[in-house]
Amino acid sequence: MTPLARLLARLLPAPLVVPALALAYAAMLASLFIAGANEADQIIYVDVRGE
Amino acid sequence: MIALSTLIILAVIAAVPLVWFVPSGRGIDAAAWLGLAVIAWISPPSAAWMGLATLLAPLGMRMAERLDWRAGFAALWVTVLGAAFLSAQLSTGLIWIGGTFFTLRQIHVIVDWWMGKLAVPTLAGNLRYQLFLPALFVGPVHRIQNFERQCTRRRWDQEQFFSGLERVLLGAFSAEVIGTVLIAKCRTGLETLLVEANPFLRDWALSACDWAALFFTFAGMTAVALGLAAMMGIKLEENFNQPWRARDLLDFWQRWHISLTSWVQDYVYRPVMALSRSPLAGLFAAMLVIGLWHEISFYYVLWSLWQSGGIVLNRLASPLFDQVLPASLRQGLAPLAILGWLSLARPVIERLLELAA
């Protein structure tokens with residue numbers, strides 16, 4: 001079991017764990033694709049300097 | 001055009017199956033070579049420097065042992081690394097990789113060897129440690145002893161693999177969605193809201209917002225690196241330990257970017273403290289190294305003074321707060337006071353620099 005699955009198993013009844021987990025993954029993936037359209041600024045902790 | 005960060009993440013993801021399908025337990029070595037190839041693609045001078053430094057260091061250590069010249073070689077190598085770090089930080093118009101995390105890892109190996117805590121690493125061992133793809137671009141500054149132990153014990157573990165995959169997803173969500181998009185939108189809203197406010201207070205509030213964004217972005221990217229390493233069967237050192245629960249500034253720095261803080265504690269704070277017998281000198285030297293490691297500029301020299309001063313003030317004022325405030329209130333106010341101090345640095349230092357200009 002992954003940490004998120006363990007957390008959901010503690011909070012939800014057993015039949016809801018897998019759908020909730022799938023929903024959480026799908027929501028995160030979808031928002032990542034939407035957010036990915038924005039170009040992130042260079043942050044100081046990424047060890048790539050210059051242009 | 002594909003962003004550089006996306007390209008790097010894709011290359012690290014490609015290394016995961018490579019690690020498991022290359023036979024004879026050479027998967028991590030293969031990932032290191034892939035790492036070098038990726039760097040060569042992005043920046044050939046960086047690849048030449050990192051490849052050369054990784055191969056030359058064990059050879060030099062071996063020769064220095066034969067000639068009984070350990071201290072001399074260690075000093076020479078640290079000077080070379082320092083010069084390369086400076087050129088990486090100060091070069092413009094050229095993509096430089098390896099100016100920061102790579103330098104810290106190299107210094108860790110050479111100093112531990114000089115102090116007799118580490119035998120000369122093999123060429124393959126040093127290569128897989130120094131160029132371990134998931135930790136190459138955002139850290140953590142992991143230690144070779146733990147890494148070699150992990151490589152030896154590495155075996156397929158389905159739970160570890162899928163937990164790593166989940167951590168990659170959560171980390172990417174934290175960095176891209178929360179740190180980059182949501183907090184940026186909050187920042188824009190805050191900027192509009194405070195347009196009429198006192199400029200100093202506005203800059204302070206925006207600086208606090210930037211600290212929150214930095215946490216979600218950096219901790220998220222570290223989670224991606226740690227998750228990908230876990231998918232390769234390697235458990236790297238954690239870099240964050242709930243910094244919002246810190247009790248004071250010193251506690252905060254022990255919870256934020258832990259691998260850098262512990263590096264600085266081992267290789268700067270303790271030696272300076274041993275030489276000077278002054279914890280204050282050790283603290284300032286450690287903060288100065290952290291500051292200049294971020295960026296070589298006068299801003300970061302002042303930033304180091306600010307952070308060291310904060311820790312000293314915190315220590316001096318603690319007994320007073322202990323007497324005046326109840327424990328629960330102190331605990332509740334501590335994170336706000338810490339964020340307040342950290343974010344106050346930028347507006348204060350920028351104004352000091354404006355005055356000096």
Side-chain angles (χ1 to χ4, degrees), chain A, chain B residues 1 3-8 39 42-43 46 88-104 135-139 159-167 169-170 172-182 184 213-214 217-219 221-222 239 257 260 293-295 300:
Chain A
M1 265 179 129
T2 63
L4 191 57
R6 266 197 297 273
L7 177 74
L8 290 174
R10 264 209 317 269
L11 300 173
L12 299 172
L16 291 180
V17 172
V18 173
L21 193 60
L23 197 67
Y25 288 155
M28 280 192 279
L29 273 173
S31 53
L32 264 173
F33 279 115
I34 296 165
N38 300 303
E39 183 56 57
D41 290 339
Q42 177 75 29
I43 77 154
I44 206 158
Y45 288 109
V46 176
D47 194 7
V48 181
R49 309 277 150 142
E51 298 285 323
Chain B
M1 195 179 146
L4 197 58
S5 52
T6 314
L7 189 78
I8 291 166
I39 299 167
I42 303 169
S43 164
S46 304
Q89 289 273 4
L90 300 175
S91 63
T92 50
L94 175 78
I95 294 180
W96 246 118
I97 299 165
T100 54
F101 295 103
F102 178 76
T103 308
L104 299 185
L136 212 49
F137 299 95
V138 287
E159 188 171 332
Q160 187 183 8
F161 183 88
F162 285 105
S163 295
L165 183 60
E166 186 181 82
R167 198 164 186 191
L169 182 60
L170 285 166
F173 179 79
S174 164
E176 282 288 322
V177 181
I178 304 177
T180 308
V181 177
L182 293 181
L214 183 63
T217 313
F218 184 36
M221 282 162 52
T222 305
N239 230 4
H257 205 174
L260 175 65
W293 177 83
H294 284 87
E295 189 183 281
Y300 272 100

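In what follows, chains carry the letters A, B, and so on, assigned in the order in which the sequence lines appear, proteins first and then strands, with residues in each chain numbered from 1. Treat the numbers as computed from the prediction; the structure is a model and nothing was measured.
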(request) Kindly determine whether B:L169 and A:L32 satisfy side-chain contact (heavy atoms from CB on, under 4.5 Å), including the steps that lead there. (result) CA-CA 9 Å; B:L169 182 60; A:L32 264 173; 3.8 Å; yes
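Heavy atoms closer than 4.5 Å to chain A are found nowhere in B:L182, neither backbone nor side chain.
The minimum heavy-atom distance between B:V181 and A:A35, with the atom names listed, is CG2-CB, 3.7 Å.
Residues of residues 17-30 of chain A that come within less than 4.5 angstrom of chain B, heavy atom to heavy atom, are A:L21, A:Y25, A:M28, A:L29 in numerical order.
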Could you give the side-chain donor-acceptor pairs of residues 3-12 of chain A under 3.5 Å, partners two or more places apart or in another chain?
from : atom 1 : to     : atom 2 : distance (Å)
A:R6 : NH1    : A:M1   : O      : 3.0
A:R6 : NH1    : B:E159 : OE2    : 3.2

